[in-house]
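The structure appears below as structure tokens.
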Amino acid sequence: VSEATPGERPDGTAAGAAALDCDTAVVIAARDPERIREALRAALGLGLRGARVAVWLGPAAAATSRDALIVRALATLGQLGWPVHHGEPAPEALPAGAQIERWTDAGPATRIVVLREGDAVRTLPLDDADPDALVAAVMAADGAAVW
Amino acid sequence: VSLHRPHLALVVSRLADLDAALALAAAARARAIEVAMFFMSEAVGGIPARRAALDALADDHVDLCCCASSAAALDMDEASIGMVLGSQDDHAAMVDRADRVLAFT
């Protein structure tokens, strides 16, 4: 398991696009060990099917990562060669082509959808969004993620 | 002529976001977008109460799949869930073939 921060290579060398290259980014912003375990279970499943997975373990998740199952999942990710970065990246720091799963704790639905359009990133609120307009925006964008 | 049809994957693990995800799935189908949904974690507990909406999506050719491990943890089975139970491999396959993924996780 690497200790690299987003933007760094897993071995801590210079930052670069290649360091962040992945098919699927799993960003764990949760604090609840159960949610962290679920996120890591998903990450392992995504990778075992062949996707290049990268995990970002946010500060809250890192604080509770002594849980035995979490430790084991992180170790497995490392053994399979999939980087685990520490910290939570800004959406625009993630690879443009990657699918993104951001895991949070259970709670109210207060999130946004981040749309990537070229080098630009814009956000749409999810709460009051018209579903048709949101779907149109998501499909027209170069990338999208619930944040 | 491109034969590719746009494909949206919706991963839902948060109960609070379940209704928003169902609304997006219906809106996507109205635009002739292929839709697949994978449910896991606490969101699975909200499935029985949304049976009508989920049946309508299934009738509209939305692929629905529920994590078997999450269902078992909630003491639910395929009959009470009302959709196919699958694994994280189904989740991964769905993400792999999607043009866009919205993960309510």
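Hydrogens, waters and symmetry mates are skipped; everything else that's a heavy atom, side chains included, is used. Each chain gets a letter, A, B and so on, in the order the sequences are listed, and its residues count up from 1. No experiment lies behind these values; they were computed from the predicted model shown.
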| request: Answer with side chain, backbone, both or neither: which region of L15(B) has an atom nearer than 4.5 Å to a non-hydrogen atom of chain A? | output: neither

| query | Taking R14(B) for the side chain and D105(A) for the main chain, is one N or O donor matched with an acceptor at less than 3.5 Å? | reply | yes

| At a heavy-atom separation under 4.5 Å, does R100(B) approach chain A through its side chain, its backbone, both, or neither? | both

| field | Region of A28(B) that comes under 4.5 Å of a non-hydrogen atom in chain A | value | both

| query | Do L18(B) and V84(B) share a hydrophobic cluster (ILVMFWY, side-chain heavy atoms under 4.5 Å, transitive)? | reply | no

| task | Please determine which of V135(A), D132(A), V113(A) meets the side chain to side chain contact (heavy atoms under 4.5 Å, CB included) test together with L24(B). | result | V135(A)

| task | Under 4.5 Å heavy-atom distance to chain A, tell me which part of A25(B) shows up: side chain, backbone, both or neither. | result | neither

| message | Is S13(B) in contact with chain A via its backbone, its side chain, both, or neither, using a 4.5 Å heavy-atom distance? | response | both

| query | Does any pair with a residue in residues 37-46 of chain B pass side chain to side chain donor-acceptor pair (under 3.5 Å), and if so which ones, sequence neighbours excluded? | reply | E38(A)-S41(B)

| query | Do you know which of G50(A), A141(A), A133(A) has the most heavy-atom pairs with chain B at a distance under 4.5 angstrom? | reply | A141(A)

| query | With only heavy atoms counted, which part of A51(A) is less than 4.5 Å from chain B, the side chain, the backbone, both or neither? | reply | neither

| query | Between P131(A), A145(A), A136(A), which residue shows the highest count of heavy-atom pairs closer than 4.5 Å to chain B? | reply | P131(A)

| Any side-chain heavy-atom pair from M40(B) and R41(A) closer than 4.5 angstrom? | yes

| request: Apply side-chain contact (heavy atoms from CB on, under 4.5 Å) to the pair Q88(B) and L48(A), showing each step before the final yes or no. | output: CA-CA 9 Å; Q88(B) 288 299 318; L48(A) 287 172; over 6 Å; no

| Can you name the residues that form a ring pair (Phe, Tyr, Trp, His ring centres under 6.0 Å) with F104(B), not counting sequence neighbours? | none

| task | Go through the atoms of I100(A) and report whether side chain, backbone, both or neither lie under 4.5 Å from a heavy atom of chain B. | result | backbone

| field | Side chain, backbone, both or neither of V11(B) within contact of chain A (heavy atoms, under 4.5 Å) | value | side chain

| Proximal component of R35(A), with respect to chain B [non-hydrogen, under 4.5 Å] | side chain

| request: Indicate the atoms forming the closest heavy-atom contact of P108(A) with A16(B), along with that distance. | output: C-CB, 4.1 Å

| query | Does NE2 belonging to H61(B) count more than 12 external heavy atoms closer than 6.0 Å? | reply | no

| said: For A98(B), is there any backbone N or O sitting under 3.5 Å from a side-chain donor or acceptor partner on Q99(A)? | reply: yes

